[in-house]
Trainee: 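If you scroll down you'll find the structure; I have some questions about it.
Chain naming here is simple, since letters A, B, ... match the order of the sequence lines and numbering starts at 1 in each.
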Amino acid sequence: MSSPQIVTRFAPSPTGYLHIGGGRTALFNWLYARGRGGKFLLRIEDTDRERSTPEATAAILRGLTWLGLDWDGDVVSQFDRKDRHAEVAHQMLDRGTAYKCFSSKEEIDTFRAAEEAAGRYPLFLSPWRDADPSNHPDLPYVIRMKAPRHGETAIDDKVQGKVTFQNDQLDDMIVLRSDLTPTYMLAVVVDDHDMGVTHVIRGDDHLANAARQTMVYQAMGWDVPVWAHIPLIHGPDGKKLSKRHGALGVEEYQAMGYPAAGMRNYLTRLGWAKGDAEIFTSDEAKAMFDLDGIGRAPARLDFKKLEHTCGQHIAMAEDAALLAELLAYLAVAGKPALTDLQRDLMRKGMYCLKDRAKTFPELLEKAAFALVSRPIAPEPAAAAFLDSVSRGILQSLTLQLQSGTWDKANLEAILTQTATAAGIGFGKLASPLRAALAGRTATPSVYDMMLVLGRDETLARLGAA
RNA sequence: GGCCCGUUCGUCUAUCGGUUAGGACACCUGGUUUUCAACCAGGUAAGAGGGGUUCGACUCCCCUACGGGCUGCCA
């Protein structure tokens, strides 16, 4: 017998961009499903009409797409399913697991305020719970779940372990509002059930909700999914992530020039581990990822490690793919696009650039020699290497470079020979050459620069120096 | 206030009663080197505090401290 297919989902509410914590939650769900031949679904929890916006939905989709987290099937709008939610609420009514409550919001608020002022736990117990329907007034009402008053409700969480809640701490939560729209507690359960979700992997801010949602599953006689509540991500200072930490949106990380593969790797390791595995591809991550590797404490963001991880992925990326991602970065960051010539040079030079950079801005910085065009205005530090003696040596070098094959072995022979003939060490030749070719003092090796630029451009730059 | 969760190097973490407490990032030192990086080698660095249980606790239990979450006709 085969085990049923795994179905996970990511269910953000569209009230802003996709933040880094949401990105990681989505990633965990994606890894878990993809590593087991399961499905990863996407549902937008847009039942709060006040705060939900189509722009936020678009931003979330863009963020997931950039991260490479592809979802199965259509994006589900929770709001579109409101009739189904209301239907289930009424089924609960029929089953006797829910009831109509006619207490007004004002009444309840007043009660809670008084209880709190008296230092008591403001648990509202509706007087309508056991009322005879024949006594129901002709007033607006909400549908409340008839939650068990005694005993306890336990959830068996794959990350947090067994967590039990005393039922007398929980009130009869509202499942259908007076305007007939569903509350989150109902909508989530109905949608997860209808969508066949088997594993709910989400932030641990929902841990307590899981108990109440379990009651809804039980009220409907449905199977409860496997829970996995993962700790939230904190800022570098250990505090909850907030605006002042900056760079919260996943898209901002793209605009800062982090490659998606590195981002995925870093986020996977943030709060999850498998032995000593640190750098891995997404395929490797899918094969390794499991729920017991998830830690129970909140993790802090560490930009240094993010950068290191990204550097590793840039180095191992394929040249063509890297170039494509670089161009996308330029567009997102609002930087000028590369000319055809620059693009060509980047393609040629990628082999010697990619193992030196951790981010796309760094990659561009290392590639400055190739992206600059004549006339080159040398930086002061570079210009200092171009005195008359050096120029003379460069001139004789220019002569030597006129013919011969343009490959590393031959260039090496020519440069060594020129240095020897001039009675100087190789370093004394490389510095002015670097200055002439790039106009700066920090560059890739002089051989790589010449190889990437080609003979004509190299000679032209030497001549202009 | 009540309920729930958490706490191993600065950071991410390994450990699932017996280890010189391991790895990675960062940092420091050295090496390689035509510059800057990258890279290689080595080093500094941890079980929040206090009680138990046990022959033996980072690991199990309790208390305290600190951090976090929930306690809505928000999600």
Trainee: Need one value for A:K358: base, sugar-phosphate or nothing, where a base atom within 4.0 Å counts as base even if backbone is also close, heavy atoms only.
Mentor: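 Answer is sugar-phosphate: A:K358 comes under 4.0 Å of backbone atoms only.
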
Trainee: Describe the nucleic acid contact of A:P444 in one word from base, sugar-phosphate, nothing, applying a heavy-atom distance below 4.0 Å.
Mentor: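 Base, at least one base heavy atom under 4.0 Å.
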
Trainee: Taking the six-membered ring for Trp, is the centroid-to-centroid distance between A:F289 and A:W272 below 6.0 Å?
Mentor: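 Ring-ring flag for A:F289/A:W272: true, centres closer than 6.0 Å.
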
Trainee: Looking across every strand, which nucleic acid part, if any, lies under 4.0 Å from A:L207 by heavy atom: base, sugar-phosphate, or nothing?
Mentor: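 Answer is sugar-phosphate: A:L207 comes under 4.0 Å of backbone atoms only.
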
Trainee: Assign A:R296 to base, sugar-phosphate, or nothing according to its heavy-atom contacts below 4.0 angstrom with the strands shown.
Mentor: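 Here A:R296 touches the backbone only, sparing every base.
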
Trainee: Take atom P in B:rA48 and the same atom in B:rG6, then report the distance between them in whole Å.
Mentor: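 My reading of the P atoms in B:rA48 and B:rG6 gives 14 Å.
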
Trainee: Taking all heavy atoms of A:I424 and all of A:L429, pick out the closest pair and write down the distance.
Mentor: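 Heavy-atom minimum between the residues: CD1-N, 3.9 Å.
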
Trainee: Mind checking A:N209 for me? I need base, sugar-phosphate or nothing, with any heavy atom below 4.0 Å counting as a touch.
Mentor: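 If one applies the 4.0 Å heavy-atom cut-off, A:N209 turns out to touch a base.
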
Trainee: Is it true that A:R129 and A:D172 have a side-chain N and a carboxylate O under 4.0 angstrom from each other?
Mentor: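 Result for this pair is yes, salt bridge flagged.
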
Trainee: Starting at atom CH2 of A:W272, determine the distance to atom C1' of B:rU15, rounded to an integer number of angstrom.
Mentor: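 That distance rounds to 16 Å.
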
Trainee: Check whether the side chain of A:R440 and the base of B:rC36 form a donor-acceptor pair under 3.5 Å.
Mentor: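 Answer is no: no donor-acceptor pair is held.
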
Trainee: A:Y266 near the nucleic acid: base, sugar-phosphate alone, or nothing, with a heavy-atom cut-off under 4.0 Å?
Mentor: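 If one applies the 4.0 Å heavy-atom cut-off, A:Y266 turns out to touch nothing in the nucleic acid.
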
Trainee: In whole angstroms, how far is the C1' atom of B:rC74 from the CG atom of A:D205?
Mentor: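 It is 12 Å, rounded to the nearest whole Å.
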
Trainee: Would you mind classifying the nucleic acid contact of A:G271 as base, sugar-phosphate or nothing, using non-hydrogen atoms under 4.0 angstrom?
Mentor: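 It contacts sugar-phosphate atoms only.
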
Trainee: Between C1' on B:rG72 and CG on A:D172, what's the gap in Å once rounded to a whole number?
Mentor: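 Checked: the CG to C1' distance equals 15 Å.
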
Trainee: Step by step, would you call A:K82 with A:D46 a salt bridge (charged side-chain N to carboxylate O under 4.0 Å, His left out)?
Mentor: CA-CA 10 Å; A:K82 61 182 189 308; A:D46 51 359; over 6 Å; no

Trainee: Taking only the C1' atom of each, what is the distance from B:rC60 to B:rG2 in whole angstrom?
Mentor: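 It works out to 28 Å between them.
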
Trainee: Given atom CD of A:Q160 and atom P of B:rG68, what is their separation to the nearest angstrom?
Mentor: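 Distance check: A:Q160 CD to B:rG68 P gives 16 Å.
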
Trainee: Between B:rU19 and B:rG47, how many Å separate the two C1' atoms, rounded to a whole number?
Mentor: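 14 Å, rounded to whole Å.
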
Trainee: Rounded to the nearest 0.5 Å, how far apart are CH2 of A:W128 and NE2 of A:H136?
Mentor: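 It is 6.5 Å, given to the nearest 0.5 Å.
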
Trainee: Would you indicate what A:T164 reaches in the nucleic acid, counting non-hydrogen atoms under 4.0 angstrom: base, sugar-phosphate, or nothing?
Mentor: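 Answer is sugar-phosphate: A:T164 comes under 4.0 Å of backbone atoms only.
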
Trainee: Who is the Watson-Crick or G-U wobble partner of B:rC3, with both distances under 3.5 Å?
Mentor: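 When the pairing criteria are applied, B:rG69 turns out to be the nucleotide that pairs with B:rC3.
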
Trainee: Counting the atoms with a prime plus P, OP1 and OP2 as sugar-phosphate, which does A:V446 contact under 4.0 Å by heavy atoms, base, sugar-phosphate, or nothing?
Mentor: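 Touches a base.
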
Trainee: Below 4.0 angstrom, which residues in residues 308-318 of chain A have at least one non-hydrogen atom near RNA chain B?
Mentor: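 Contacts with RNA chain B under 4.0 Å: A:H308, A:Q312.
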
Trainee: Take atom P in B:rU20 and the same atom in B:rC62, then report the distance between them in whole Å.
Mentor: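 Taking atom P in both B:rU20 and B:rC62, they lie 30 Å apart.
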
Trainee: Taking the ring of A:H206 and the ring of A:Y184, is the distance between their centroids below 6.0 Å?
Mentor: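 Between A:H206 and A:Y184, which both carry aromatic rings, the centre distance is below 6.0 Å.
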
Trainee: By the 4.0 Å heavy-atom rule, please label A:S431 as base, sugar-phosphate, or nothing.
Mentor: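 The residue A:S431 makes no contact with any strand.
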
Trainee: Look only at the side chain of A:S390 and the backbone of A:F385, and say whether a donor-acceptor pair between them is shorter than 3.5 Å.
Mentor: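 Looks like yes, one N/O pair under 3.5 Å.
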
Trainee: Answer with base, sugar-phosphate or nothing: what part of the nucleic acid does A:R120 contact at a heavy-atom distance below 4.0 Å?
Mentor: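 Since no nucleic acid heavy atom lies under 4.0 Å of A:R120, the category is nothing.
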
Trainee: A cation-pi test, strictly: NZ or CZ of A:R24 under 6.0 Å from the centre of the six-membered ring of A:F28 and no more than 45 degrees from its axis. Yes or no?
Mentor: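 Yes, cation above the ring, under 6.0 Å and within 45°.
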
Trainee: Would you classify A:A442 as touching base, sugar-phosphate or nothing, given that sugar-phosphate means primed atoms plus P, OP1 and OP2, and contacts are heavy atoms under 4.0 Å?
Mentor: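 Contact class for A:A442: base.
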
Trainee: Using a 4.0 Å heavy-atom cut-off, does A:H206 contact any base of the nucleic acid, only the sugar-phosphate backbone, or nothing at all?
Mentor: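 Base contact.
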
Trainee: B:rU71 and B:rA14: how far apart are their P atoms, nearest whole angstrom?
Mentor: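 Roughly 30 Å separates the two P atoms.
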
Trainee: Let's test your reading of the model: under 3.5 Å, does the base of B:rU11 pair with the side chain of A:R300 as donor and acceptor?
Mentor: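 Result: no qualifying N/O pair found.
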
Trainee: Under 6.0 Å between the ring centres of A:Y217 and A:H193?
Mentor: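 No, ring centres 6.0 Å or more apart.
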
Trainee: Donor-acceptor pair under 3.5 Å: do we get one between A:Q169's side chain and the base of B:rG2?
Mentor: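 When only heavy-atom distances are counted, A:Q169 does not reach the base of B:rG2 through any donor-acceptor pair under 3.5 Å.
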
Trainee: Scan A:T416 against the nucleic acid and name what it touches under 4.0 Å (heavy atoms): base, sugar-phosphate only, or nothing.
Mentor: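 No contact at all - A:T416 keeps every heavy atom at 4.0 Å or more from the nucleic acid.
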
Trainee: Does A:S178 make a side-chain donor-acceptor contact with the base of B:rC73, cut-off 3.5 Å?
Mentor: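 In this structure, the two groups form a donor-acceptor pair.
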
Trainee: For the side chain of A:K305 and the base of B:rA24, is some donor closer than 3.5 Å to an acceptor across the two?
Mentor: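 Flag set: donor-acceptor pair detected.
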
Trainee: Rounded to whole angstrom units, what separation is found between the CD atom of A:E365 and the P atom of B:rU35?
Mentor: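 Result: 18 Å.
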
